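Indexing begins at 1, ligand by ligand and atom by atom, following the structure's order. The structure presented is a predicted model; accordingly, all values stated were derived computationally and were not measured.
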Amino acid sequence: MDFFRILYDEAISFLGIGQALETFKTGNYSSFLTLDGILSVISPIMPLLLLIEIVRAVVYKRFKIEEYKIPFLIFVFNRFLSRFLSIAAVAFCIGLFEKYGIIKTKFTWYWLIYGYIVWELAHFVYHYLGHKVRLFWCLHSSHHAPEHMNLSVSYAHFFLEAPYADVIRTSICLLLGVNVPLLFFIMFIDGTWGAFIHVGENILKDARLGFLNKYILTPSHHRVHHARNALYMDTNFCNLLNIWDHVFHTHQPEQRNVPVEYGITRRINSNSFLDVYFGEIVYLVKDVCKAPGIKNKLMYIVMPPGWSHTGEHKTAKLIRNDFLKKIEHGKELVPSAQQEMMI
Ligand SMILES: [Zn+2]
Ligand SMILES: [Zn+2]
């Protein structure tokens, strides 16, 4: 019986419906009007959407187990370790940095806007480093390995990525004065939206979300971020407000004539948990071992993926710039794409 109890508790926790069930049990429905109550209603939306996505795929006979298998295995593997480490990392940063905040903020709508802009900056820093520093890419690459897009991809993360992300994001936010309740509220919105932007084509074929595509980061932008196409590589690092992508020139809209190819550029067995989870670490260790001299060995760890001690670099930046140059010379893409890119 214990086994079923554990399974039941896990299902409730995954679906995020614990608090809502508690409210139904007590009959105190007015609690739905409190902030916690509203959050308890929002929490189950993403897990439920994932279930709908799977059911739709099954009904329309498009369900392929391999598209969900690896994210599911990673979710199970991370279930305790990653969450525990992440909570510990956030608590540690709060203890360390809260008192050094450069300003004092309160839980008000205008500080929420300030907090969210700061959070997005912190998110940009963590995410950018996750792509541009090879060691951090080892933590982030599991999330980019899936060669399909669906909501389960939002669960595919190396177990050390969440604590790494949270240390950077929490520290920057606290130092820039975002107070703790505000930070947790922003984390909640960010987590919910961060899951939604992985919605698959089974549910949302065109993920531009109409006019919103101009003002916020939509699932369409995040599909571009997950692409290995030369044009799309290492773009759209933000999560909800994509101001920092505009500021740092990493914004890239989806082009109608450049279909997204999901995954990473190296040959990978995306059906292998070991390759998805540890593959990049293995390649980094191999490169470090064969690099001559201590300086080159260190460079492999801190330089972007694709950097080579021989000078034959194949970084995303070089590949993308080469591609853009070809467009300029009219060798790639049809004119409409060029026009769209100018915008
Ligand atoms: Zn990424
Ligand atoms: Zn993603």
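Here His143 fails the criterion, with no N, O or S atom under 2.8 Å of the Zn ion (ligand 1). For a distance bound of 2.8 Å, the N, O or S atoms of His144 include none lying that close to the Zn ion (ligand 2).
When each of Val288, Ile301, Leu284 is tested with Arg134 by the rule side chain to side chain contact (heavy atoms under 4.5 Å, CB included), just one qualifies, namely Leu284.
Annotation: the span from Ile243 atom CD1 to Tyr116 atom OH amounts to 10.5 Å, rounded to 0.5 Å. Here Thr265 contributes atom OG1 and His144 contributes atom NE2; the two are 11.5 Å apart, rounded to the nearest 0.5 Å.
With the Zn ion (ligand 1) at the apex, His127 NE2 and His225 NE2 define an angle of roughly 80° (rounded to 10 degrees).
For His131, the N, O or S atom closest to the Zn ion (ligand 1) goes by the atom name NE2. Looking only at N/O/S atoms, His140 comes nearest to the Zn ion (ligand 1) through NE2. Restricting His222 to its N/O/S atoms, the shortest distance to the Zn ion (ligand 2) is reached by NE2. Note on His226: its N/O/S atom closest to the Zn ion (ligand 2) is NE2.
Asp322 has no carboxylate O lying under 4.0 Å from a charged side-chain N of Lys317, or vice versa, which leaves the two without a salt bridge.
At least one side-chain heavy atom of Asp206 sits less than 4.5 Å from a side-chain heavy atom of Arg256.
Ring pair Tyr128/Phe237 is perpendicular by interplanar angle, where above 60° counts as perpendicular and below 30° as parallel.
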